[in-house]
Protein chains: 2
Amino acid sequence: MTDVTSAAAGRDLPHPDREEIRLEAVLHALSDPMRLRIVRELAADGSELSCSHFDLPVTKSTTTHHFRVLRESGVVRQVYRGTAKMNGLRREDLDDLFPGLLDSLLAAAGRQYLRLGDRA
Amino acid sequence: MTDVTSAAAGRDLPHPDREEIRLEAVLHALSDPMRLRIVRELAADGSELSCSHFDLPVTKSTTTHHFRVLRESGVVRQVYRGTAKMNGLRREDLDDLFPGLLDSLLAAAGRQYLRLGDRA
DNA sequence: ATCATAGTACGAGGGTTATCGTACGAGCCG
DNA sequence: CGGCTCGTACGATAACCCTCGTACTATGAT
């Protein structure tokens, strides 16, 4: 049986409630190039992605660290599914708290990418 | 004679060119509560304000530090006028680089203020 | 010239961050 | 079971950041 909602989905991780999300924390999370890149890919894809889907130029431990920062700041929602940990943007929560902000940020990041390319 | 454009206006400070402004640096600058507060006041007022106009709960040296971060990230433009140092938001530059971002950011900050009040 | 005001420079303290490496745990597959 | 992959935990390191105090410069007013 492969019920996604069963306990087989794995232990769950601490997330801030919507009301606990702070703008400063979100901006800090997004001020790191690696994390901004993760969020951009997440937004481009639209669905949930595993941590290992991202091919980042850092080690596994560092990757874990960045995803934790994103989760604890309220930017992403993380769920275990089997051995994989799936990551999804908390679009609804963020749009509710800060209407238009996420889209502006993604647009700004996209523009800068077009302007400067990959060079960090 | 009180010509504002004369050399009497004082030495000038290094600012990043518009094209050099990086989103990550802007987000980092705005992720500090003190600096976010400064930017909010600056936006609310609309005109240039001196450093000493702000009544921040930190020392003068720390205030100097925060304004430098804001200037070096391209968020504000600083100009000496007599003994005062005037600060203005770089609205045009930011709007050109990242259309809508500053307004979204300010709106988000305003919303959070209404929601949570002053308590940092 | 004297003094007050606005801000700077420098150095230090204490905290946080990004990064790594190695060792470990938890699900899956043969 | 045994091994593979995914991700975690922990410790270490080096860099960075916010804050302060003290000493200093520069401009304007008396």
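Below, read A as the first sequence line, B as the second, and so on, with proteins coming before strands; counting in each chain starts at 1.
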Checklist line | Separation between CG of B:D96 and CD of B:E19, rounded to the nearest 0.5 Å | finding: 9.0 Å

Notebook entry, point to check: Nearest-Å distance, CG (A:L70) to C1' (C:dA18)?
Noted result: 14 Å

Next item on the list: At under 4.0 Å between heavy atoms, which parts of nucleotides 11-20 of chain D does protein reach? Answer with one letter per nucleotide, 5' to 3': B base, S sugar-phosphate only, - none.
Entry: -------SBB

Next item on the list: List in chain and number order the residues that pass salt bridge (Lys or Arg N to Asp or Glu O under 4.0 Å) with B:D93, two or more places apart in sequence or in another chain; answer none if no residue qualifies.
Entry: B:R18, B:R77, B:R90

Margin query: Taking side chain to side chain donor-acceptor pair (under 3.5 Å) as the definition, give me every residue that meets it alongside B:H66, ordered by chain and number, with sequence neighbours left out.
Written below: B:R35

Check: To the nearest angstrom, how far is B:E24 atom CD from C:dA18 atom C1'?
Finding: 15 Å

Checklist line | Between D:dA26 (P) and B:Q78 (CD): distance, integer Å | finding: 18 Å

Checklist line | Strand contacts (DNA chain C) in residues 38-55 of chain B, 4.0 angstrom heavy-atom criterion | finding: B:S50, B:C51, B:S52

Check: Once you round it to whole Å, what is the distance between P of D:dG7 and CE of A:M86?
Finding: 9 Å

Next item on the list: Give every residue pair that meets the ring pair (Phe, Tyr, Trp, His ring centres under 6.0 Å) criterion with at least one member in residues 16-65 of chain B, sequence neighbours excluded.
Entry: B:F54-B:F67

Next item on the list: Using side chain to side chain donor-acceptor pair (under 3.5 Å) as the criterion, list what pairs up with B:T59, not counting sequence neighbours.
Entry: B:T62

Next item on the list: Could I get the full list of side chain to side chain donor-acceptor pair (under 3.5 Å) partners for B:S104, not counting sequence neighbours?
Entry: A:S104

Check: Who are the salt bridge (Lys or Arg N to Asp or Glu O under 4.0 Å) partners of A:R91, not counting sequence neighbours?
Finding: A:D95, A:D103

Item checked: For B:Q112, side chain to side chain donor-acceptor pair (under 3.5 Å) partners two or more places apart -> A:E24

Check: Roughly, in whole Å, what's the span from CZ in A:R68 to P in C:dT16?
Finding: 14 Å

Note to self: Expressed as a whole number of angstroms, how long is the span from A:L56:CG to C:dA18:C1'?
What the structure shows: 13 Å

Next item on the list: Using whole Å, report how far CZ of B:R81 lies from C1' of D:dA26.
Entry: 17 Å

